[in-house]
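First up is the structure itself, then whatever we jot down about it.
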Number of protein chains: 2
Amino acid sequence: MKATIYDVAREAGVSIAAVSQVINGKGKISEERRAEIMRVMERLNYQPSVIAAALTGKKTYTLGLLVPDISNPFFAEIARAVEDQGHSLGYSLVICSTDNKDERVERYLSLLQQKSVDGMIIGTGMDNKEMLKPLLENSIPIAMIAREMPGHDVQTVITDDFAGGRLAAEHLLGLGHTRLAVLAEQLKVSSSRERIRGFRQRLAEAGIDLPDDRVLASGDALVKDGKRKATELLQRAERPTAIFCCNDLLAIGALQAAKELGLLVPEQLSIVGFDNTILATVTEPPLTTVSQPTEEMGKLAVDLLLSQLKKEEGGSRRTVLQPELVTRRSTAAPSNE
Amino acid sequence: MKATIYDVAREAGVSIAAVSQVINGKGKISEERRAEIMRVMERLNYQPSVIAAALTGKKTYTLGLLVPDISNPFFAEIARAVEDQGHSLGYSLVICSTDNKDERVERYLSLLQQKSVDGMIIGTGMDNKEMLKPLLENSIPIAMIAREMPGHDVQTVITDDFAGGRLAAEHLLGLGHTRLAVLAEQLKVSSSRERIRGFRQRLAEAGIDLPDDRVLASGDALVKDGKRKATELLQRAERPTAIFCCNDLLAIGALQAAKELGLLVPEQLSIVGFDNTILATVTEPPLTTVSQPTEEMGKLAVDLLLSQLKKEEGGSRRTVLQPELVTRRSTAAPSNE
DNA sequence: TTGAAAGCGGTACCAT
DNA sequence: ATGGTACCGCTTTCAA
């Protein structure tokens, strides 16, 4: 069985208080005693129970991370960044894939609370924003990442999605495109909405209108839905010459649709993705995409969360990072067929 | 502050024992009392502390998952499968990216123990296999996934890597290739070794020798290293007409190398990957690759782990799933230049 | 049925 | 410098 602090104390012939001292490196203990206790801990392969420590008011050193889907490369990258920063600070990470479903979000939120995580990083959207209320009331530190929750006083780390949308529009405009379309995630996803808003605004500035029927939202199966929606777009009479996709997965769907329809990318169709995941680098042509600084975002989210944990300040800083356009070969000037 | 069982008991005018009863749905309580208690729990937004419950001998309902890198699509998929199965059974998942580094493995192993996870699923290699000893001694349920640890009596779920290697060889042989090479992960990765062994054996059966200098191992940066090693291979006098890559990431590196050198895939070079991740579907040409049933593996690993948790049986079943060759367009008959 | 009380493995305060 | 001890929140006998 696992050795406890009592076992160590007994073997070392001291009180558990003494053992606790050396575990936490505080209090006063003679060097000899400390050494002896260390030796016994070693011999017994003693591992202090975080559970027990947490019960006495200390932390659990565990963080929760909610994302739509850990198998989506973008969130996998975010997760890795969060994990690394957390790990370097002594925290473990519980991942929760929500599929953007409120019921799953709620379930996970509750579970994480019951497990007394020290904080949660939320990178998933939810329809019912009231779900966070109880957490805030219980004063559980929360940080949003890559997603917003307006109206709630929560730490947030995002890239400027609006600017990202503008960047994409700017690029396409510069290439000479005027017949554009957009492929988005479910509209409940705040980042998609912002990207579209930015994209649209920039187009408007150039005097180009983006009618609602040229903005299609997909379901959960990003690639598949992206392909289906793109196919629909590309078969319309007024075929768009460029599609802005709210993430790389959708862009891949669009790419597949184009290929299936025998359209050349970028000659006959330009495609812009978002996130700059590894996927964007391996497609053919590789995707022009808007890049988010995932590593920095993950690190920042953890730092913000933990600083919130220390100080009582629930101050809600909103940290906005700038996206960058990564130009690759999926975009070009429209052909004048 | 968070409500405790005491708060509920007080508010409901009963003992904490009664409250505990209704939480766990056992014992005998009159319907009225139960209803009243439920009502109070609701009102106080009471969430029983898993921490406290765990301390009294119950489970933590948390599992640990060790993988080389959660941002590697293959492991992200595995993680998702494990998460889903665990979640449906009430367990949360702590992810641990080890980068195949023993120090990280050790650190995580220790951390997970201190946090009293109910079990660990290990999908990462380690040089020092003795590291698992203490866990086994502490009788912490362990299951290996997609990786082996021969000599240790541990539950294991893997695909038949040896067969996978043979599959790849078979395919290439059938196409008429005779000058082959292999790109592997670090050789400490058991699955890579097995794949190579299978590949080599099948070649041998066809009377083809695969000299050691045609088997190159990469480092951690899979794509980058894969590209570098592939470049090296492709610049040799006796250029291979086909490369078997031990995972899709390496295959992508090889693909990039080929493109950079102006070699046509599959006309001048055939490439076979492994894992059939989403990446294999988006490259150009899409990759012929050996597929692993990730979903089934994840589900199985969790089930095995939990069954181990219930019964005392530490019985080490070794479950071997069969891989499948997915033929796409990165392979073809060698040109006779 | 219901409640009192003894742990579970630590922490931290208070004497000694 | 050391040890005794009262919790932390919950589970689980064991009496009542």
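Naming convention: chains lettered A, B, ... in sequence-line order (proteins, then strands); numbering from 1 in each chain.
B/Ser20 comes within 4.0 angstrom of a base, heavy atoms only. Among the atoms of the strands shown, none is found under 4.0 Å from any heavy atom of B/Gln114.
Judged by distance alone, with hydrogens and angles left aside, the side-chain atoms of B/Asp7 form a donor-acceptor pair with the main-chain N or O of B/Thr4 at under 3.5 Å. The backbone N or O of B/Ala54 lies less than 3.5 Å from no partner atom in the side chain of B/Thr56, so there is not a single donor-acceptor pair. A donor-acceptor contact shorter than 3.5 Å is absent between the side chain of A/Glu185 and the backbone of A/Ser192.
The OH atom of B/Tyr46 sits 10 Å away from the P atom of D/dG9 (whole-angstrom rounding). Rounding to whole angstrom units, CG of residue B/Leu55 and P of C/dC8 are separated by 9 Å. Rounded to a whole Å, the NZ atom of B/Lys2 is 15 Å from the P atom of D/dC8. Nucleotide C/dA4 holds its C1' atom 18 Å from the CZ atom of B/Arg10, rounded to whole Å. As rounded to whole Å, 13 Å separates atom P of C/dA4 from atom CD1 of B/Ile5. Distance, A/Ile29 CD1 to C/dA12 C1': 13 Å, rounded to whole Å. To the nearest angstrom, P of C/dG3 lies 14 Å from OH of B/Tyr6. Atom CD1 of B/Ile51 is separated from atom C1' of D/dC8 by 11 Å (rounded to the nearest Å).
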All N/O pairs under 3.5 Å across the protein-nucleotides 3-5 of chain D interface:
unit_1, atom_1, unit_2, atom_2, d
D/dG3, OP1, A/Arg33, NH2, 2.9
D/dG3, OP2, A/Ser15, N, 3.3

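Between A/Lys188 and A/Asp127, at least one side-chain nitrogen of the basic residue sits less than 4.0 Å from a carboxylate oxygen of the acidic one, meeting the salt-bridge criterion. Using a 4.0 Å cut-off between a side-chain N of Lys or Arg and a carboxylate O of Asp or Glu, A/Arg317 and A/Asp153 do not qualify as a salt bridge.
Regarding contacts with the backbone of C/dA12, a side-chain N or O of A/Lys26 is found under 4.0 angstrom from either OP1 or OP2. Between B/Ser30 and C/dT1 there is no side-chain polar atom (N or O) within less than 4.0 angstrom of OP1 or OP2.
Counting non-hydrogen atoms of neighbouring residues, nucleotides and ligands closer than 6.0 angstrom, the CD atom of A/Glu295 reaches no more than 12 such neighbours.
Of the two residues contacting DNA chain C, namely B/Ala52 and A/Ile23, the nearest-nucleotide position lying further toward the 5' end is that of B/Ala52. Of the two residues contacting DNA chain D, namely B/Val50 and A/Lys28, the nearest-nucleotide position lying further toward the 5' end is that of A/Lys28.
Put simply, the side chain of B/Arg147 reaches to within 4.5 Å of the side chain of B/Val189, judged on heavy atoms.
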